[in-house]
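Data block below; observations after.
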Amino acid sequence: MRIFAVYLAKNNGDMSNYNPQEIEKKWQKHWKDTHAYKVANSSTKPKYYVLDMFPYPSGAGLHVGHPLGYIASDIVARYKRHKGFNVLHPMGFDAFGLPAEQYAIQTGQHPAVTTAQNIARYKEQLDNIGFGYDWDREVQTCDPEYYKWTQWIFCQLFSSWYDKTTDKARPISELTDIFSKEGNATVNAHGDENPVFTAAEWNAKSEEEQQQTLLNYRMAYLANSMVNWCPELGTVLANEEVKDGLSERGGYPVFRVNMRQWFLRITAYADRLLFDLDAIDWTDALKEQQRNWIGRSEGASIVFEVIEPLSDLTPNPSPKERGANNSLNNELGWQSTTAEEWNTLKPFARENRKNPTKAEGDLWDLLRDNKLGARFRRQHAIGNFIVDFACLPAMLVVEVDGKIHNEAENKEYDEGRTHEIEKLGFKVVRFTNQQVLENPYTVRDEIKNILATSPLSLGEGSGVRSTNDDASTEGDNFPPLLGRGAGVNKIEVFSTRPDTIYGATFMVLAPEHELVPAITTAEQKTEIDKYIDYAAKRSERDRMSEVKAVTGCFTGTYATNPLTGQPIPIWIADYVLAGYGTGAVMAVPGHDSRDYAFAKHFGLPIVQVVTDKNNTINIDTESFDAKDGVLINSDILNGLNVSEAKKAIIAKLEEKGIGKGKINYRLRDAGFSRQRYWGEPFPIVYRNGLPYLVDESELPVTLPQVESYKPTGDGNSPLAALTDWVNTPNGQRETNTMPGWAGSSWYFLRYMDPKNNTEFASKENVDYWENVDLYLGGSEHATGHLLYVRFWTKFLYDIGKIPVTEPAKKLINQGMIQGVTPFAYSILVAPRPIVFSKSFIDIKNNVVTLNGIAYENVETHKVRLPFAVVDFVGSQCRFYKKYLSEKSNEIKGFTLFSIYEEDESRYFWEKDENGDEYMVVDTEVEKMSKSKWNVVNPDDMVAKYGADTLRLYEMFLGPLEQSKPWNTNGIEGVYRFLGKLWKLYNIGEDSKAQLSDDAPTPEELKILHKTIKKTADDIDGFSFNTTVSAFMICVNELSQLKCNKRQILEPLLVCLSPYAPHIAEELWAACGNTNGILDAEFPKFNPEYLVENTFSYPVSINGKTRQQMEFALDADQETIKAAVLANEIVQKWMEDKPLKKFILVKGRIINVVV
RNA sequence: GCCCGGGUGGCGGAAUAGGUAGACGCGCAGGACUUAAAAUCCUGUUGGCAGUAAUGCCAGUGCGGGUUCGAUUCCCGCCCCGGGCACCA
């Protein structure tokens, strides 16, 4: 009993020493019990919204790097509260995503369960640090109450289109109104490249056709596209989730494959995303990254005509060689051409279908859908031709001249073509454009008559493959005609330097360009196929890591340079990317270094068309890529400067109808499908293969339970196996889920009204909180999250749901806190127990010494040591033997050595003053992560020093935006500072501060107000590290003065409170305040206390400081000058040289020039 | 290759409308208190040279130039480190 009493007296009664563990828990509980951080949605105070990028709750918990930004934002939030703002400072969790799912796959635990556990852990850790979050506003993206609204926003995207005329998103119903009244001509006028249709055509479309067409306009749409497929993760990845051809998560290989995916039309916002950057206070580096990512470039699109070699006017003789059979059944089975030829023709057929001529389009509307009682196909392959229309059962081909066969010289070609098709047993009938356009019904009737007299030798189903009434009729798996050049007579390119067109001496297409097979000549086919194969086999990763090698292949075909009229060869090469521009370039080797390298390598002509002002450019050794200069060798452009020439050539191209000014973006539409389980389900069902929204009343579409979380690997998500869930009365559900960034693209809005179950947030609340005043987070989100959240914000603004076009007015990127990894060396041999011996590795000479015996050429490698087995003593990192027993299961299996250096002691075990054995090892700075054993848990720091010390120390470490390695060395200093502060308040037995109410001295006031000013200034400049040092100076100076004045020490606590809220609250209460410090008014800075009467001037002679002299600040120059010149030391340094100049900068410096 | 940052003591870092370089903290050294340790406090700490010392002199903010009475700060030319983008026509 007695011992117990003594113990109590020692620990609870004596408050003369700072005891963070006790006071921090007390105040955290108090704040929670009193709802001290609850935020109201309306107030007479001005609003301020501080937001952190919410964390993904991983199983590893928080490490000391996470709180860096959170502490900074907490400081700003608390400061603003002292300054009289109504501050919103919420926290939540970005809880959908891969790690939880991967974990579920491994353990079978439902991701929702592990996520909830992780979140609980995170919240505990966050609360330990004393953050002032209003937890009532917490959001979790995986909560159905939250993702209901993510789905709802998706519905709005699906139901909207982008109107380029007014430059905003509008409801899709307004678009269908326009289509039914005027077709899509005006909508298309702003650069859309969708096929044109009239109101009548629109109205004649079936529901399915209309829906299909609308997908070309919706903000959320389905499309086939090349995507980053990661088989290992079983999902597609966004571009920013792929680094060097490997997945960012896991580092698995990623491949480009074609898949049908959901996309969000972020490209519609490209310009606004770009230009609005100017209006927000984000760092230049980050804005620059977004600008580059959007990659806007102005230039021109130009059409080059392909020259068709004469020989190609006569069709490929293959049908003849096959023997003229009258029956396709005999010759080609059910096909009208061979698979091989279809492969060749496919791109043209597709292209032609996409861009029918007016006459073709009109006629198709009259023939399609079995309107004449027989099925017609358009742009169909027959033998080695693509014919305009074919009715296979009737063996009838209908061609409309005009698009590509209207020139006189093509007449002969047409006749030859007719002849060849007839040999295959078809009847060919031709109409002119004019006939179709002027008398469409006459034409239709004529076809009908011919059909009536046709033998209908092949009924559908009697050998000819039967097809559905859907797109598969025109599907790519069904073959058409052959021969090259068929219909391909132009290639479009994009160039930012149209002014250099006179120097375009060849063209280069991407190997994947769809016209490549068509323009390849028979002689070059083998080579080209080989090259395409080569390019396809190289993964993205190969392409990146490889030193840029010049490779390419000639197609055998030429195009005409439209300005010079010269034929120029068409090549393919993988330096041209299929995904950018048109996938084809006009190569100007004289003025593009890539084209130059290519031309040099393959011996292609190089023509100089731009020179500098003095005409000193010589392009014999390198290209002249500069964007200013004067045009030469360019006919009409000669003498113009580059920018004038651009304008002139675009005008010329437009006049000739072969080009136009164009703006290209690097930004792609955002892929929005993931073939995974742990994400938001789409509010979509399919009917007849077309997507429809589920009714809003069915939201949220909740994520069902599944047996297995494993992706199927064939591109289907685990949801696809749930037939009961997939099949609904209204259609089949979409089984993909949304990507990780869906939920994070609007969460800042949900915090404004997190419990609302009728809207994503009420209008009242979004109008009050508007957007984030200060957003803190890592710069790694620059081109992902931060672009998407801006996109969604603009969209929600367009549809009238929020009053702002940007999510965050100001954004700060906090730096990363890196881990310090100690390491030793191991020999690459079978694992052995740790050796404590006089053994070492001489890395430089590749020699290993084991117990005195040297071995040469032994392979060694670095071995990470757990952070926990080392201590930092002075500048040494010591690896202690005593920690090995605790950690041995983590590092067993390696023979460890330290590196050999000059200092021989470094590879031996030594004994410290306590007799503990250690070895000095080296360290490396890397990312802090569980797998690297270098994680430092903030809980440990809090347990040892308290939350206030951790908060101050993280801020004291250096500028917020700078990355730095975690180093515990300095934390003691901060802890000592808080101890000194505590002592100033003379806390007695009764836990009360014993302070004097005497008036403070001017000196004391000066110290206080200096600190007030510094605190306020530094928060505005986010220079938290210098504020902490200002606090230290202040406390040092007040301690020196033994200041115990209430009028000094109370205001000081308010300054400190944002940084160290627990101790500030404790001392505030100890001073006798009953109101709590959180809402205390921030002390007003009074500059009068800082006014000085005199200044101790550094006096320098010729710029070198030699003497200090004190003068009144209001002393006039002559008085000072006389005194300075009379000074003994000054005279000594003047060395009797005449005075040249006397410089006095008031309150700064005096300089005597001799 | 291009675009952003950034190079300051043994260490983290202060100070830039040009005006005493190295605040503050760590570490280190010495000292006080203590039987001792811990804790706490005090002093010193950019380097070199000279001096018993107080102190003095010289050099010094990645390197080389320039502007200026005066440059860590501005200008020109390099070097190195970190980050981003990467054949974007």
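- When the shell of 6.0 Å around CZ of A:Arg1148 is examined, it contains 12 or fewer heavy atoms from other residues, nucleotides or ligands.
- When heavy atoms are screened at a 4.0 angstrom cut-off, A:Arg1106 is found touching the sugar-phosphate backbone but no base atom.
- Taking atom P on both nucleotides, B:G83 is separated from B:G10 by 25 Å, rounded to a whole Å.
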Worked check of side-chain hydrogen bond (donor to acceptor under 3.5 Å, both in side chains) between A:Thr968 and A:Tyr945:
CA-CA 11 Å; A:Thr968 322; A:Tyr945 300 103; over 6 Å; no

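- Counting non-hydrogen atoms of other residues, nucleotides and ligands closer than 6.0 Å to NZ of A:Lys600 gives a total above 12.
- Base orientation of B:G5: anti (glycosidic angle beyond 90° from 0).
- Straight-line distance between the C1' atoms of B:A21 and B:C33: roughly 37 Å, to the nearest whole Å.
- With respect to A:Leu509, the side-chain contact (heavy atoms from CB on, under 4.5 Å) criterion is satisfied by exactly one of A:Val576, A:Ile570, A:Val493: A:Ile570.
- Counting only distance, with no hydrogens or angles, the side chain of A:Gln290 and the backbone of A:Leu277 share no donor-acceptor pair below 3.5 Å.
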Hey, what are the protein-to-nucleotides 14-22 of chain B N/O distances that come in under 3.5 Å?
| unit_1 | atom_1 | unit_2 | atom_2 | d |
| --- | --- | --- | --- | --- |
| B:A14 | OP1 | A:Asn1025 | ND2 | 3.0 |
| B:G19 | N2 | A:Asn1151 | ND2 | 3.4 |
| B:U20 | O2 | A:Gln1108 | NE2 | 3.0 |

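- Across the strands present, B:U16 finds no partner; the criterion is a Watson-Crick or G-U wobble pair with both atom distances under 3.5 angstrom.
- Taking atom C1' in both B:G65 and B:G13, the straight-line distance is 30 Å, to the nearest Å.
- The environment of NZ in A:Lys1006 is sparse: at most 12 heavy-atom neighbours from other residues, nucleotides or ligands sit within 6.0 Å.
- Only the P atoms considered, B:C78 is 40 Å distant from B:C24, to the nearest whole Å.
- Contacts of A:Lys980 with the nucleic acid, taken as non-hydrogen atoms under 4.0 Å apart, involve only primed sugar atoms and P, OP1 or OP2.
- Using N1 to N3 plus N6-O4 or O6-N4 for Watson-Crick, or N1-O2 and O6-N3 for G-U wobble, each under 3.5 Å, B:A59 pairs with B:U46.
- Taking only side-chain atoms of A:Trp1133, from C-beta outward, the nucleotide of B:C24, B:C57, B:A89 with the closest atom is B:C57.
- A distance of about 23 Å separates the C1' atoms of B:C58 and B:U68, rounded to the whole Å.
- Out of B:C24, B:U40, B:C87, the shortest distance to the side chain of A:Met1032 is found at B:C24.
- Of the possible polar contacts, none joining the A:Tyr975 side chain to the A:Lys944 backbone as a donor-acceptor pair under 3.5 Å is found.
- Distance check on atom C1': B:C4 versus B:C11 gives 27 Å, rounded to whole Å.
- Heavy atoms of A:Arg291 sit nowhere under 4.0 angstrom from any nucleic acid atom.
- For the pair A:Lys964 (side chain) and A:Gln962 (backbone), a donor-acceptor distance under 3.5 Å is present.
- Heavy atoms of A:Asn1036 sit under 4.0 angstrom from primed sugar atoms or phosphate atoms, though from no base atom.
- Close to B:C26, at under 4.0 Å from its OP1 or OP2, lies a side-chain N or O of A:Arg976.
- Listed nucleotides: B:C87, B:C4, B:G84. Nearest to the side chain of A:Ala285: B:C4.
- Taking atom C1' on both nucleotides, B:A14 is separated from B:C3 by 30 Å, rounded to a whole Å.
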